[in-house]
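Everything below concerns the one structure shown next.
Below, chain A is the first sequence line, B the second, and so on; all start at residue 1.
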Amino acid sequence: MNALPPQPPRAPSSRLKRRNPLVALKPPLVPPFARSRAAQGLTAAAALGVFALQRCEKCGAAQYPPRDACVQCLSPRLRWRPAEGTGELLSETLIRHGQELYFRERAPWRVGLVRLDCGPSAIVALHGDCAPAPSRLRLRLALDKSGQALMIALPEKDTPDMAEDPLVRETTCAPRARKVLVTDAKTKVGRAMVEALVAAGADLVWAGYAAPWKPSPHLEALGALEGVSLVPLDVTDESSVRELAGSIGGKVDILVNTAEYHRPGSIASRGGVATARTEMEVNYFGLLRLSQSFMAALKARAADGPASATAWVNILSVHALSNDPAHGTFSASKAAAFSLAQALRADLQASGIRVINVFPGSIDDEWNARVAPPKLSPAALAKAVVEALERGLEDVYPGEVAKDVMARFLENPKALERELAG
Amino acid sequence: MSWRAFSRTPRRSSENSPGERMSSPVLAHLITDIVAGRIRVVDLTHTLAPEFPPIVLPPEFGESAPVRIEEVSRYDARGPAWYWNNLSFGEHTGTHFDAPIHWVTGRDLPNNATDTIPLDRFVASASVIDCSREAGEDADYLLSVEKLRAFEERHGRISPRSWVLMRTDWSKRSNDAVAFQNFDETGQHTPGPDVDAVRFLVEERDVLGFGTETIGTDAGQAAHLRPPYPCHSIMHGAGRFGLQCLANLDLLPATGAVLIAAPLKIRQGSGSPLRVLALVPA
Amino acid sequence: MRALARPYEDVVVAAPVTVPYTRHSIHSAHWFLAQALAKLIQAAGIRKSDIDGLAVSSFTIAPDTAVGFTQHVGLSPRFLEHVPMGGASAIVQLRRAARAVEAGDAHIVACIAGDANHVDSFRLNTASFSRFARDAVYPYGSGGPNGSFALLTAHYMRAYGASREDFGKLCVAQRQNARANPLALFRSELTLEDYLNARLIADPIRLFDCVMPCAGADGFLVMRRATAKKLDLPHVRLLGAIERHNAYPGDAIQFRGGWALDQDALYDQTGLAPKDIDFLQAYDDYPVITLMQIEDLGFCGKGEGPEFVRRHSFTVDGSFPLNTSGGQLSMGQAGAAGGHLGLVEAIRQLTGMPLGAQVEKARLGLVSGFGMINYDRGLCSGAAILAAQGRGKRRKKG
Ligand SMILES: [Zn+2]
């Protein structure tokens, strides 16, 4: 159905060279995935964008590579703690011949040996702007294309265009020059999301809208923005999802699933399952339908040049971790979506497509009108998503409430359950 | 005795012996005329599909489930030799029938639900009031008693136990969901009957029900009438029916068409999508 | 005061054998090891059952170890060692076997090392080499020794002023040594220009800095001198040996190996000094590590390696004969046999049966091993001093 005035055809982006359609697409390759269980602690830190190392709780020694016993005192009490991410480059090499296909395709690449200020030495991937040894460096934990942690070294001070370095492009999912689908642009979050993506330099943002007959004062304004194209999409309708995937699926680089159905209410206040079913239809089955229709094309284009397909963002809820009974069925639907997002992540991992799960607390919209502040503004949520894409994060807890709930959850999930019940 | 004596036992179609019915020359002529094209069968139904605009309520109310058709198998691994779908929808989706139990005013009437309404109500003649010009000029057009009397002056008195259909040509908008729904910030703007017209049809003409091309037998702004939603509250309160989202009313004569409109036999159903057929003299 | 290791009493090493190296082979590690064992039996003129001690090293024998190998080849040793220490395995096998024959735990110990090299086995071995490598090296695309040694080489050059020409001089000399060795995989002439202009592999390392992984095996026998005499076997005496693992863990980057920690012990045990040594068989998978061994075994001070190289010549007839068969850089690296290569060459030189050219009047040889880049550095080091028959030990007083 043609609900909105047709969009004028857009001039092709001049920022990136178009792909030669007669050259076969490269299959997506990913770097080695295998890690010890201890080393997954690095991945957990990288997923949050934190630089953390194991520290011995007994003697304080920082450990690297990750261990199961302290290198100094043999204590098994090693805890992941944020660490000073600075160090000195002692040596570097430019590797020109890899054994793994992934590295062969990216040859040559810079590798360095760094003495961390907190103690251990580390082999790191070097940003192109790092000065030759000896030099001071900033260290980050980033997720590589296989979704595993990589220690990367950045120059001590920012350099112009440092985000354009292949190492940064490879470990992040920046929307700049990419094409993004926002599945529901009619919500406040969806609108903020589209605006933030445009501001972040997206080549094109497809703004999805369902129920075109429901007036949305901002939707036409969005559609008039340079770089935005409105597309009909109802995630509860398999044929609608399939139809859109058929028309733009092969071009989407980033999918941001903002489609959400939320009606506050406890189990008792619901009366029947109709509302809860709609929550599931949008929040859970919607994600499933999107996955089934968009996954294959994203995977196929994961190595499609500098603006390849790169990420899938799910706006979940921090109450996917632990139910907020005042929004009991909503929380449950988000828990279901979170679980499905993990399956989606596992599926997309082998292609190097990152699944970013965002766990906000209460968003400042009409459905949280009775929730006391602090609430997360849609603009702040959108900003957090763009930042997560640009930094290559995987798990995002935007705002104070989300961070507070996450910290409580990690410390004692049972206590959090009781606190939320009270 | 009025036809609306709902308290009596509904007559079952098996009451007459088969032999008696077979011998009815009327039915035989009916079939002969249909086959010969002297009677056309007109489809007054929109295709039931996910994208057909559904009823929209303020978001704080419960919502009708949309129409969803999901494939179970299509000659594939899920079922190698067969194709079928799972179907889900609210009772008030697509071209649909409203039973008296749908509205609070009709909730205690006897035989008020899709499974208990007497069967003979599902076949009835229809008067078609052409309001297409008025509705084209004013989306909020309300059908008045004056308009009905003008119709009767031209086409004769509206018979009891017949459908009154309000032709607005609204169904021609069905490819454009936004125009079909026609919302703005004050709500929906679609034509319908005014309060007096509904009262007139029920109390003075004893009609079977009221049918429209829009989503709802009431006008889009009918919440502001006194009483609100007269076609729902008064019609259903009097045990009458509604037909909504009808199509092809422009193919019907002002009088003389016979409608076959039987909802699904849903237990205590408040309504259902249905196929509405009109028999029309060619 | 350092505890002095007991001197070796009449332990000798004999029967150096090599199963010729090939770049790739469809044969398994078991095949190569069994051939090495067969050659040992043949060379010594003994029966299989005379071997009552066995030491095995191999990267590619998995899922077996030395244990499974005994059943594979029908051997019933009363002394068995599985030595997974890469290029230090030869020295470690020798040390274990020496003490076993001294103590009477074994009569004749066969020390063998060998590896298969299928087309993709190098990549697969690297991918699962060690936990730290899997967690913190392989994901960086620097799996395998090229990247690691590039980092160590770049650092060494910066820290001690070594030049590409210094490394080149060693490589060119070793290739010269290999020209007379029929078993070397690389026997064509290598000029300094060739070396300097070779294809870059991982800066600053170029093609001729790198060993070629290949398939093959080496072996030798350890026994008491009396046994060797009875068998009428040419043999050499073990005068002293050291090993060390994970030396200097506090060094931010490896610029020295365990030899630096143990060189005094080696010379104290043997009553010898570096100047007494007639040739060095150094572990040479990359020239930088050869320079470290020259320093850490006391031939010059730390950081003086480049200067030492400029002062000396390293061919068989040079002022400092080094890797006289051509070393791994010319012969290839048959996996865990990489350290055996130097040891069997030392035996051959000291018994006057070199594969290639003979070091004149070679009486005392030093063999050094190095292995296992577990993460950012090689962890295992070892060295041994061997003496030609008839060369008495010179004991230092005190
Ligand atoms: Zn400790």
Side-chain angles (χ1 to χ4, degrees), chain A residues 30-43 64-68 71-72 87-116 119-126 132-134 144-146 148-152, chain C residues 119-159 198-207 209-210 213 246 248-255 286 288 373-377:
Chain A
V30 295
F33 179 75
R35 298 288 194 283
S36 67
R37 185 156 216 277
Q40 302 290 10
L42 294 169
T43 297
Y64 189 84
R67 287 180 166 82
D68 299 331
V71 66
Q72 299 293 349
E88 183 177 336
L89 181 64
L90 298 179
S91 183
E92 73 161 281
T93 180
L94 189 67
I95 301 184
R96 292 157 189 275
H97 300 276
Q99 295 171 41
E100 295 288 333
L101 291 173
Y102 172 85
F103 290 112
R104 280 179 179 268
E105 202 177 82
R106 283 152 185 80
W109 63 98
R110 267 181 113 185
V111 170
L113 200 143
V114 173
R115 172 69 153 204
L116 303 178
S121 293
I123 288 173
V124 303
L126 281 179
D144 67 14
K145 281 279 180 204
S146 78
Q148 299 288 45
L150 198 66
M151 199 178 288
I152 67 175
Chain C
V119 171
D120 200 27
S121 51
F122 189 72
R123 185 181 71 83
L124 298 176
N125 289 341
T126 324
S128 57
F129 188 77
S130 72
R131 172 165 149 176
F132 281 0
R134 196 184 57 182
D135 282 351
V137 184
Y138 202 60
Y140 295 79
S142 127
N146 288 342
S148 305
F149 276 100
L151 290 169
L152 302 188
T153 302
H155 174 260
Y156 184 92
M157 291 172 77
R158 180 164 65 78
R199 183 159 61 92
L200 271 163
I201 302 295
D203 307 18
I205 281 183
R206 289 175 187 258
L207 184 64
D209 290 300
C210 308
N246 194 30
Y248 305 115
D251 288 352
I253 184 169
Q254 185 162 42
F255 61 91
Y286 297 83
V288 68
I373 309 273
N374 186 63
Y375 166 45
D376 59 338
R377 63 194 67 194

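No part of A:P120 comes within reach of chain C, as not one of its non-hydrogen atoms sits under 4.5 angstrom from that chain. For A:R35, the parts sitting under 4.5 Å from any heavy atom of chain C are the backbone and the side chain alike. No part of A:R104 comes within reach of chain C, as not one of its non-hydrogen atoms sits under 4.5 angstrom from that chain. Contact of A:A122 with chain C is made through backbone and side chain together, with heavy-atom distances under 4.5 Å.
Side-chain atoms of A:Y64 and C:Y375, non-hydrogen and from C-beta on, do get closer than 4.5 Å to each other. In this structure, the side chains of A:S91 and C:L152 stay at 4.5 Å or more apart for every pair of heavy atoms. Between C:R131 and A:P65 the shortest side-chain heavy-atom distance does not fall below 4.5 Å.
Among A:L42, A:L113, A:V71, A:D144, the residue with the largest count of heavy-atom pairs under 4.5 Å with chain C is A:L113. Between chain A and the residues C:M157, C:R134, C:H155, the most heavy-atom pairs under 4.5 angstrom are made by C:R134. Your options are C:A136, C:A252, C:P204, and the one with the most heavy-atom pairs under 4.5 Å with chain A is C:A252. By number of non-hydrogen pairs under 4.5 angstrom with chain C, the leading residue of A:P108, A:P66, A:A38 is A:P66.
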task = Report the C-alpha distance between A:E92 and C:D203 in whole Å, list the side-chain angles of each, state the deciding distance to 0.1 Å, and finish with yes or no for side-chain contact (heavy atoms from CB on, under 4.5 Å).
result = CA-CA 8 Å; A:E92 73 161 281; C:D203 307 18; over 6 Å; no
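Of the possible polar contacts, none joining the A:S121 side chain to the C:I253 backbone as a donor-acceptor pair under 3.5 Å is found.
Side chains of A:S36 and C:D135: a donor on one and an acceptor on the other come within 3.5 Å.
Each of C:N146, C:L207, C:I201 was compared with A:H97 under the side-chain contact (heavy atoms from CB on, under 4.5 Å) criterion, and only C:I201 meets it. Under the side-chain contact (heavy atoms from CB on, under 4.5 Å) test applied with C:L151, the options A:L90, A:I95, A:T93 reduce to a single match, A:T93.
Once rounded to the nearest 0.5 Å, the distance linking CZ of A:R67 with CZ of C:F132 reads 4.0 Å. Rounded to the nearest 0.5 angstrom, A:W109 CH2 and C:Y140 OH are separated by 14.0 Å. Separating the CZ atom in A:R96 from the CD1 atom in C:I205 is a distance of 12.0 Å, to the nearest 0.5 Å.
Between A:L150 and C:P139, the shortest heavy-atom contact is CD1-O, 3.6 Å.
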